[in-house]
Number of protein chains: 2
Amino acid sequence: MPPLNALRAFEAAARTGSYVAAAEEMGVSSAAISQHIRKLEDYLGKQMFLRLNNRIVLTDAGHAIFDGAAVGLQLISEVTEQLVLDRSRSRLVVSAIESVAERWVIPRLTSYSRSCPEFRFDLRVEPDPVDFARHNIDLRIAYNPTHYPEHAIVPLEHDVVLPLCSPEYLERNPAVRDHGMAMVPGDDLLHTSWGPSFASHPTWHDWFVKAKLSPHLATKGFQASNSRVALDLAGQGIGVALGQRMMALDDMAAGRLVALSDITIDLGHSYCLVYPRAKKRKRHLAELIDWFTRADTPSDS
Amino acid sequence: MPPLNALRAFEAAARTGSYVAAAEEMGVSSAAISQHIRKLEDYLGKQMFLRLNNRIVLTDAGHAIFDGAAVGLQLISEVTEQLVLDRSRSRLVVSAIESVAERWVIPRLTSYSRSCPEFRFDLRVEPDPVDFARHNIDLRIAYNPTHYPEHAIVPLEHDVVLPLCSPEYLERNPAVRDHGMAMVPGDDLLHTSWGPSFASHPTWHDWFVKAKLSPHLATKGFQASNSRVALDLAGQGIGVALGQRMMALDDMAAGRLVALSDITIDLGHSYCLVYPRAKKRKRHLAELIDWFTRADTPSDS
DNA sequence: ACAGTGCATAAGTTTTTCTTAGGCAGCGTA
DNA sequence: TACGCTGCCTAAGAAAAACTTATGCACTGT
């Protein structure tokens with residue numbers, strides 16, 4: 001394989017007929033072009049150009065190499081610039097932590113997309129921290145903003161947890177329906193294993209203490225591996241989850257989950273939107289941020 | 001245009017499915033491949049591979065880039081390797097100084113070529129010194145061997161100059177035909193402007209002194225810009241040239257030029273064949289050298 | 001449990017690329 | 001004819017890229 005940068009310099013010089021023009025095109029000095037072409041000629045063992053004092057003319061060997069190189073380089077350029085172009089069109093790269101992706105981000109992205117049919121996005125579900133520059137991320141829904149001190153932060157609502165269950169559960173438990181949390185059996189409690197990414201790890205014990213109810217109820221019940229699983233199980237009517245209100249908004253609006261109490265416990269951080277300040281003006285970004293931060297944003301479900 | 005070396009590394013990794021295999025193919029470490037691919041991904045803003053612990057799988061974007069890059073790079077490789085291959089086949093690059101090219105080298109190359117129909121050569125006519133490595137020269141017919149101390153030297157005959165004219169001239173000058181140089185009018189002498197590349201610059205004056213004839217005859221006549229022009233003019237019957245015997249061999253053999261005297265003056269250097277020792281075994285080279293050094297080598301004219 | 005494998009990255013070294021400067025040889029113009 | 005301008009060539013030094021080794025990580029196979 002020939003030296004590819006030298007070949008590129010040669011192609012530019014052959015096409016333009018001038019080292020100086022090739023240098024301008026490639027953003028280097030004409031001396032650099034000259035050295036590249038010499039290197040290519042050494043590799044090939046043939047002169048690519050006839051030098052007529054301060055003019056160059058392609059030799060037969062130069063023509064042969066130029067024809068092939070021009071096509072090959074053009075193909076490479078097209079296929080890679082196409083990808084670069086695709087990503088710079090009105091499409092956004094949205095990255096979210098897993099806990100917020102399915103129940104919060106996807107519905108809102110979907111509803112925004114329906115309001116702007118030409119809008120396209122890449123959605124990536126990945127843990128904190130992420131590398132904005134490397135992965136070309138436009139917007140990140142994060143839980144811990146301290147990972148991104150150099151970017152713009154737009155806080156979302158400060159999430160809390162509260163007791164949630166399904167109507168079906170209530171129908172099967174009239175005492176709970178009529179008298180609230182005080183009547184929930186300990187065995188019906190859904191406990192959440194908060195992962196290390198959460199700033200706090202609220203437990204049923206915490207909640208009962210705050211509610212001034214007997215904490216002894218809080219040692220029994222189900223164990224869910226994460227917050228999302230807890231909500232899913234609650235939605236199935238199995239029991240009562242100390243669930244994230246933000247994740248449950250749509251289910252609550254649709255009547256699939258109901259809150260058994262208004263007493264909530266804060267999670268340590270707010271979810272927030274993070275974006276590089278330089279991308280402020282990118283198409284759809286500001287609109288999407290606004291869409292996400294409206295309290296009354298309709299979701300699609 | 002993407003970073004081409006990174007693209008090449010990516011193509012090898014994609015094709016082989018492994019950084020380690022790509023590294024072996026390219027003769028670098030797997031860390032180098034990894035860094036190249038990261039650079040490409042940063043440029044394109046997309047991951048090319050999905051990393052599955054210690055395995056890699058192309059993403060959709062990776063497939064799109066790979067398809068184009070593979071074709072482009074293959075084209076480039078083929079067209080350049082073809083040239084490299086062409087030059088390594090049984091063809092020789094023969095370089096000669098101008099004074100010896102037309103009347104000595106070309107006839108002998110032609111006759112050798114006729115005896116070996118598959119033989120092909122590049123003949124370059126250029127002054128001393130030449131760059132063997134850079135221009136991939138196999139054989140050089142040089143005048144001054146001191147330019148090439150590191151190469152093998154095969155001396156050709158030690159050239160001399162002597163009085164030459166055409167039969168037509170003699171027919172028009174019976175006195176010269178019958179009594180030789182003593183009867184040549186000064187006005188019929190062809191003087192040669194020897195260029196700086198000749199080690200000596202013999203004049204008619206020198207010749208007459210050596211011949212013990214009156215030197216006063218040697219200030220008149222024609223002026224030829226170089227040795228070849230002088231021979232051409234002599235061949236046209238204009239006058240008598242102090243011409244190079246070596247260059248005149250074929251004309252003499254054909255009867256187009258005749259020597260008016262056996263008295264000669266040495267030129268400072270011999271013509272010689274020069275070749276890089278490493279190329280000794282290259283096909284046709286030894287045969288051609290032998291062909292050139294045979295005293296009785298037939299020429300084609 | 002442990003050895004082996006392959007990718008990722010840091011840090012330092014080596015190589016390549018690039019720069020500026022000066023040379024050369026022609027061309028066009030006064 | 002003299003001179004300014006142009007573009008290619010190359011040397012030498014600076015900057016950038018490429019490469020190395022070493023180490024870490026997470027898996028696989030025994």
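Throughout, protein chains are lettered first and strands after them, A, B, ... in sequence-line order, and every chain is numbered starting at 1.
Looking only at atom types and distance, the side chain of A:Y19 has no donor-acceptor partner in the side chain of A:E24 under 3.5 Å away. Using a 3.5 Å distance cut-off with no hydrogens or angles, the side chains of B:Q82 and B:E78 do not pair a donor with an acceptor.
Side-chain nitrogen and oxygen atoms of A:H36 include at least one within less than 4.0 Å of the OP1 or OP2 phosphate oxygen of C:dC18. OP1 and OP2 of C:dT5 both lie 4.0 Å or more from every side-chain N or O belonging to B:Y19. Phosphate contact (OP1/OP2 of C:dA8, side-chain N/O of B:R38, threshold under 4.0 Å): absent.
Rounded to whole Å, atom P of D:dC8 lies 11 Å from atom CD of A:E24. Computed from coordinates, the A:E25 CD to D:dG7 P distance equals 16 Å when rounded to whole Å. Separating the CD1 atom of A:I56 from the C1' atom of D:dT6 is a distance of 14 Å, rounded to the nearest angstrom. Look at CD1 on A:I33: it is 15 Å from P on D:dT10, rounded to the nearest Å. Distance, A:N54 CG to C:dA25 P: 12 Å, rounded to whole Å. Between the CZ atom of A:R55 and the P atom of D:dC5 there is a distance of 16 Å, given to the nearest Å.
Results of the side-chain contact (heavy atoms from CB on, under 4.5 Å) test with B:L123 over B:V105, B:L92, B:I141 single out B:V105 as the only residue that passes.
Nearest to the side-chain atoms of A:S34 among the listed nucleotides D:dC19, C:dA8, D:dC9 stands D:dC9.
At the heavy-atom level, B:S29 lies under 4.0 Å from base atoms of the strands shown. Contact annotation for A:S18: backbone-only contact, meaning every heavy-atom pair under 4.0 Å involves sugar-phosphate atoms and none involves a base.
Comparing A:A31 and B:A21 along DNA chain C, the residue whose closest nucleotide (by nearest heavy atom) sits nearer the 5' end is B:A21.
A:F292 and A:W104 have their aromatic ring centers within a separation under 6.0 angstrom.
The base of C:dT16 does not come close enough to the side chain of A:Q35 for any donor and acceptor atom to sit less than 3.5 Å apart.
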